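Working notes, beginning with the structure itself.
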Amino acid sequence: MIERLVPQASSFAGDIDGLIWLITLLVGFWFLVAEGVLFWLVFRFRAKKGEKAQYITGEKKEEMKWISRPHNLVLLCDIVIIAMAIKVWVHVKQTMPTADAKVNIISQQWAWTFEHAGPDGKLGTEDDLRTTDELHVEVGKTYHFNLVSRDVLHSFSVPVFRLKQDAVPGRVITGWFQPTKTGTFDIQCAEMCGVGHGLMGARIIIESPAAHAAWVAERSGERLARTGEAKP
Amino acid sequence: MSDAHAHHDEGWVKKYLWSTDHKIIGMQYLFTGMLMALLGGYFAYAFRMQLGFPNQPVPGFGLVSPNEYNALVTNHGTIMIFWVAMPVLIAAFGNFLIPLMIGCDDMVFPRLNRLSYQIFLVSALVLLASFFVPGGGFGGAWTAYPPLSSQAKFSLTPAGSTLWLLAVALEFVAFLIGGINFVTTVMNSRAPGMKWHDIPVVIWMIVIASIVFMASVGPLVAGAVMLLMDQQFGTGFYDPIRGGDPILWQHLFWFFGHPEVYVVLLPAMGIVIEVIAVFSRKKVFAYKMVLYTAFATGILSFFVWAHHQFVAGIDPRMANVFTVTTLLISVPIAEMLFVTIATLYGGSIRLDTPMLWAVAFVAEFLLGGVTGIYLGSSGSDIYFHDTYFVLAHFHYTFVPIAIIAVFAGITYWYPKMFGRMLDERLGKLHFWLTVIAFNFIFIPLFITGAAGDHRRIYDYTKFPDLARPELQNLRALATVATVVMLSAQVIFLYNFFKSMRSGKRAEANPWQANTLEWLAPSPPPHGNFAELPTVHRGPYEYSVPGRDLDYWPQSDPPEDDAAPDAAPEAAR
Amino acid sequence: MNKPIATTRSASGIPTGRLAVWWVIASEIVIFGGLLGSYVMHRIGHPEFGDYAANTNTWIGAFNTLVLLTSSLSAVLAHQAAERGDGKRAAKLLRLTMLGGLTFACVKAAEWTMEIGHGFVLSTNAFWSFYYTAAGLHALHVIAGVVIMGIVAADAAKGRELQRVELIGLYWHFVDVVWIFLFPLLYIAK
Amino acid sequence: MSSTEASQHDHEAEPAAPDGGHGGAGHGDAHYVRIWALLVALLVVSVVGPMLGHVLVTLLTAFGIALVKAYLVARHFMHLGIERRWVGWMLLAMVAFVGLFFAGTAPDVMKHEGYNWRNEAAEREVKRALEAAHGAGSSSQRGAAH
């Protein structure tokens with residue numbers, strides 16, 4: 001359903017879309033039944049000349065079952081949804097699979113800064129690559145991210161990943177994703193962050209291993225050239 | 001108001017502005033709420049136009065700048081919840097109905113009641129003032145998350161955010177005072193013979209809502225004091241750099257914010273159940289079950305707040321707890337709707353305007369209810385959080401609550417309020433235009449939300465994935481529908497004010513209803529009843545077998561010989 | 001203004017005024033509860049608050065506790081007098097209670113002056129922010145109580161509205177109970 | 001509770017009526033003075049207890065005794081002991097709501113780390129303040145570090 005509007009580009013996008021499907025089926029059924037009964041009753045029991053309404057208290061046992069049976073069924077549906085929701089949640093947000101690579105995501109009014117590992121493949125070293133409003137990741141690798149904010153709340157949202165996480169100043173929040181599809185997609189800020197909130201977009205560029213390596217090489221070449229000029 | 005009661009010597013100011021009469025105070029709340037609704041609707045018009053037709057001057061507003069856009073969405077939300085839904089559903093209907101429906105002459109503390117309205121009025125004026133200060137109105141969303149709301153260097157609205165906060169805090173004070181008055185009145189001043197189970201559902205709902213409000217707003221009052229100190233006195237309660245915690249505000253806010261949904265939902269449900277019983281000539285199906293579900297909802301509503309914060313940086317383990325509680329609250333709410341629908345069974349349904357609104361409430365609210373499941377279950381909320389899907393969901397709850405149910409209430413009690421009938425034809429026209437346009441606003445927004453539209457963005461052209469023409473067409477459709485829905489309200493206003501002068505005169509009980517307010521003349525004079533009534537039976541004894549009339553007012557003395565074999569519950 | 005008949009009914013078995021005061025107290029519990037709950041979270045999470053709290057003066061806090069406890073006694077004795085219909089004595093005892101409230105406020109003012117003189121102001125750090133906010137909110141309640149009590153005492157002296165003596169007393173005891181918790185939270189937990 | 005005719009009594013207008021308040025519970029003024037004396041004694045304990053310097057004793061005397069004091073004031077001065085039972089429960093329910101708020105909020109605010117998050121700002125502030133207080137050693141001015 002969602003995948004027809006937004007492509008799935010992460011390993012857990014399918015899980016979340018599946019959960020949405022399940023909920024749609026269960027609540028859709030209830031919704032249609034309830035609407036159907038409502039309109040049927042309004043039609044069936046419309047006022048007719050000389051016909052008096054029935055006197056039903058709804059407190060007798062055989063009357064109550066019309067409420068208590070749906071009640072139990074709703075409860076059952078709830079339990080199914082709870083179980084599936086928690087399963088997806090634990091997978092996406094609570095457990096962290098082993099990382100192949102790491103990125104730092106720094107949000108501020110109103111821009112995103114991304115820190116990628118440089119040619120040495122490690123984050124937090126001299127040769128890290130910093131970009132603004134452009135996140136480069138390699139398809140198929142599991143990434144851990146550290147999300148921080150420099151000023152107010154922001155939210156790192158990648159619709160194609162079905163991933164969203166608020167950034168809170170003072171906190172480091174970690175999470176993970178594994179891109180599964182190459183392409184260039186939107187990154188949004190999904191938490192009100194001031195006047196420029198509407199402009200705080202970025203792009204995620206998911207590349208094949210070769211393309212990613214080429215980008216890293218090109219960027220670090222540029223970086224070296226720049227620092228070389230700065231420190232003759 | 002009717003001329004028949006103009007013989008009082010009091011001046012106009014004393015009678016209408018300085019009155020302690022619960023009916024006048026109810027009207028004050030109603031008219032203030034209606035004015036604020038017009039303002040909130042105007043705001044919606046301005047920002048919807050910007051979204052539907054980006055960066056073109058909006059007729060009647062001009063070009064919408066980003067900070068104006070933020071102030072518009074923030075204050076649209078704040079106004080519609082705190083200055084429309086609350087005053088109309090709780091204060092206006094509560095004030096007007098409670099003394100009439102429980103059969104007494106006024107609220108227990110009439111002067112406190114007047115004070116409550118005056119504080120409310122001041123709060124509305126403070127909010128209005130906040131739009132005109134340097135920097136403009138507050139634009140940090142109605143949730144006012146710090147540090148954006150607490151530090152002017154981030155929000156760029158140094159005065160606007162403080163005035164906004166003050167206005168909200170004053171509004172809370174007004175409703176605390178009003179709520180205490182409501183609860184005390186219902187507990188103590190019921191007509192002789194009116195036992196707990198003879199109280200009409202709508203009164204129960206207003207009382208439960210008032211108690212839920214009272215119990216949930218406390219932490220936020222404390223939180224608002226702390227936020228005010230952060231804004232103006234240099235404290236760092238929510239400043240992480242100085243040992244504070246922005247997440248604390250989120251908890252304080254939503255501990256109130258979620259019960260608040262039920263604070264307005266319950267009175268709306270009460271109005272709808274009242275109308276459905278009268279217009280289907282049926283006893284409310286399982287009256288006690290309605291009360292139990294209302295209690296259960298009220299209590300459970302305190303346990304669910306953090307589902308607004310699943311991805312806000314709270315500990316992910318807590319999300320599991322709140323998913324369970326959130327989905328469980330669907331059980332009493334679903335049951336309340338089932339009971340409402342079941343009441344229709346076997347009825348003799350007349351589709352007058354109030355009934356149309358009441359049925360529409362159930363039909364529309366169902367969609368709002370079921371879409372809540374997507375957001376309450378943590379796994380799918382990761383995607384839907386802060387998208388237009390959320391927005392469409394809560395508009396499918398709040399519009400039925402604050403608009404549809406309110407229209408059901410106004411059209412139903414209008415004869416009692418003003419002594420005249422509304423025009424049915426205009427009423428039905430207004431109904432169909434409003435309800436159809438409403439669906440054309442928010443169904444498209446469900447779709448754009450599912451496609452990834454995130455909230456509070458003034459221009460989607462900056463997001464390549466969202467700037468697709470098919471999404472933009474949906475946004476434009478929603479905007480056009482908004483304009484239609486807002487225009488339809490002109491019909492209502494015309495009908496409302498014209499009928500006040502020239503509508504058909506209403507008798508005391510035009511709908512042939514049972515509850516006590518219909519015993520009083522229309523409109524009721526000061527003191528309400530010629531002789532304070534005594535209650536002999538429950539409020540929903542419609543179509544009792546063995547009686548010629550299909551209704552049986554609560555105050556009618558029992559006819560021992562007239563209906564010897566009536567159902568025992570009925571003849572108690 | 002004539003009292004409506006509504007005010008004189010008592011279907012719950014509790015007189016209207018007292019019933020309303022119970023609800024006032026209920027709504028105050030959650031206000032103070034939210035603030036103190038937030039404080040306790042920070043207090044436990046931030047061990048350095050203990051060092052900051054060492055700068056508060058336990059003896060002043062204890063003295064103020066004694067003042068409030070004593071004023072609560074005079075408030076309840078005023079209620080007893082009102083029950084017996086002795087408005088004069090009730091008014092006298094209420095004024096004694098007001099004196100307690102004023103003493104409390106004056107001591108508080110002196111204490112704060114001293115602390116501010118030492119450089120501990122509202123914005124010094126989170127502990128002092130909570131300290132001044134919580135104690136300040138409580139002090140506002142004390143001052144409001146004193147003002148209302150003055151009005152009630154004036155009426156009671158003339159033998160009017162004697163039931164209000166109990167109502168303001170209930171409120172006063174509640175303010176006392178809040179202080180009973182504030183005292184260890186702000187002064188003793190070091 | 002029922003709205004029997006008998007209880008439709010005009011309490012407001014006749015405040016001094018024997019059933020209008022709680023004075024008729026058989027207590028004279030001496031009873032209240034005794035409660036007051038007990039409260040003062042407890043106050044002394046709560047001040048002296050922490051001087052022993054034992055954490056558990058401090059907590060017990062400070063907060064345990066606060067609970068006892070609050071109970072005494074509520075029961076005897078506010079007359080909750082002879083008020084309708086539900087009033088006490090209603091007030092306790094409000095306290096329970098505060099407890100609920102605390103329970104839902106503390107995992108995020110009281111703690112500074114959890115699954116996949118760390119409140120580094122708070123950790124830094126604690127470290128800095130403790131070092132400023134104990135590292136510098138000037139006990140008279142600690143706390144005024146800013």
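Everything quoted here is computed from the prediction, not taken from an experiment. Naming convention: chains lettered A, B, ... in sequence-line order (proteins, then strands); numbering from 1 in each chain. Worth knowing before you read on, the calculation uses all heavy atoms, side chains too, and leaves out hydrogens, waters and symmetry mates.
When heavy atoms are compared at a cutoff of 4.5 Å, A103(D) approaches chain B solely by way of its backbone atoms N, CA, C and O. Contact annotation for A306(B): neither backbone nor side-chain heavy atoms come within less than 4.5 Å of a heavy atom of chain D. Both the backbone and the side chain of L248(B) come within contact range of chain D, with heavy atoms under 4.5 Å apart.
In terms of heavy-atom proximity, A121(D) sits nearest to P240(B) at CB-O, 3.4 Å. Counting all heavy atoms, side chain and backbone alike, G243(B) lies closest to E125(D) at CA-CG, 4.0 Å. In this structure, Y115(D) and D315(B) approach most closely via the heavy-atom pair N-OD2, 3.3 Å. The two atoms that bring D245(B) and D108(D) nearest to each other are OD2-O, 3.8 Å, heavy atoms only.
Taking CG of L252(B) as the reference point, atom OG1 of T105(D) lies at 6.5 Å (rounded to 0.5 Å).
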Handout entry: L100(D)/F255(B) under side chain to side chain contact (heavy atoms under 4.5 Å, CB included): CA gap, chis, key distance, verdict
Key = CA-CA 10 Å; L100(D) 173 70; F255(B) 185 77; 4.2 Å; yes
Problem - Audit row: I314(B), W117(D), side chain to side chain contact (heavy atoms under 4.5 Å, CB included) steps and yes/no - result: CA-CA 8 Å; I314(B) 64 168; W117(D) 64 276; over 6 Å; no
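Of the listed residues G104(D), G114(D), A122(D), the one with more heavy-atom pairs under 4.5 angstrom with chain B than any other is G104(D).
Of the options F302(B), F303(B), W305(B), a ring-ring contact (aromatic ring centres under 6.0 Å, His included) to F97(D) is made by F302(B) and by none of the others.
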